[in-house]
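Below is one structure, written out as structure tokens, with a few remarks after it.
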Amino acid sequence: MLTTYHTHSYFCDGSMHPEDYVRAAVEKGFTAIGFSSHAPVLFETDWNMKQELLNDYIETILRLKEKYKNRIQVYTGLETDYYPNSPDYRCIPGLDYTIGAIHFIYSKENNRYMALDGTPEEFLETLNTIFDGDVEAMVKAYYSLLTEMISKRPPDIAGHIDILKKNNAGDRFFSEKFQWYRLAVETALNEIKNKGIIVEVNTGGISRGYTTEVYPSVWIMKMMREMEIPVVLNSDAHNPDWIDAYYEKALTMIKSAGYTTQRVLIDGVWQDVKL
Ligand SMILES: [Zn+2]
Ligand SMILES: [Zn+2]
């Protein structure tokens, strides 16, 4: 069964109209496709949806849901950011789910939000401005924000939970084998387990050439499997051609971690289906 619930269209930083993605999904034989525009934030960014587009976005996806209902299931989601005082979008009408993610961290030094998962230049700027070059402090701050989001504002799905490896090719900044790294991950997973949240397996890092592995790494998936945390496979596509990018590779990784099922939204209910 082919599905994805993590899709960016031109309402945020994706490239095409949502209907182009729905058509591509029908052509590829998908059972369901969910949209997850970057929800509006309270500061300027290059990739979040503007507040004034939110209603249009929800209505557009609802129209597609109706129009394509005999061919594919279409769902309305949002990829929501978490930071102090961030708006809570989880209960807005018409929304089927949220993917919670951490992309920004507040810098007191220059009173603005800085990217955690941006370009290598942005990563370095955040590292040097807020953390004085201390990677361990930056990684711990990321996982502590993630854990706080799960605890205080649990989404349906935790998005790309080890996103910081995006700029860590060749272990440039840290090793995932470091004890402190594993502990930070484990703390977040404990909270994810407590709240009964699904973790996505996200192929977006591979399709955009940042990583060779999915988010999260296989060793993290193995830990999740032991804790019986459910997974959902998502492509994080920013273009209709990428809605199933690297799905075969990802399925091999998920299965190698011991998973035999994934949790998907079908007929309006989150349910486990065979991989
Ligand atoms: Zn994201
Ligand atoms: Zn995304």
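As the structure lists them, so they are numbered: ligands from 1, and atoms in each ligand from 1. Residue numbers run from 1 in the order of the sequence given.
- With a cut-off of 2.8 Å, the Zn ion (ligand 1) has no N, O or S atom of His38 in range.
- A centroid separation of less than 6.0 Å is found between the aromatic rings of Tyr113 and Phe43.
- At least one N/O/S atom of His6, from backbone or side chain, sits under 2.8 Å from the Zn ion (ligand 2).
- Side chain to side chain, Asn110 and Thr129 fail the donor-acceptor criterion of an N or O pair below 3.5 Å.
- Note: Tyr75 and Trp270 fail the aromatic proximity criterion, with ring centroids not under 6.0 Å apart.
- If you look at Glu79 and ask which of its N, O or S atoms sits nearest the Zn ion (ligand 1), the answer is OE2.
- Note on Asp117: not counted as a metal contact of the Zn ion (ligand 1), no N/O/S atom lying under 2.8 Å.
- For the residue pair His160 / Asn202, no side-chain donor-acceptor distance below 3.5 Å is found, with atom types taken as modelled.
- Residue-level check: among N/O/S atoms of Asp236, OD1 sits closest to the Zn ion (ligand 2).
- In summary, the aromatic rings of Phe11 and Phe35 are positioned with their centroids too far apart to meet the 6.0 Å limit.
- Restricting His103 to its N, O or S atoms, the one at the least distance from the Zn ion (ligand 1) is NE2.
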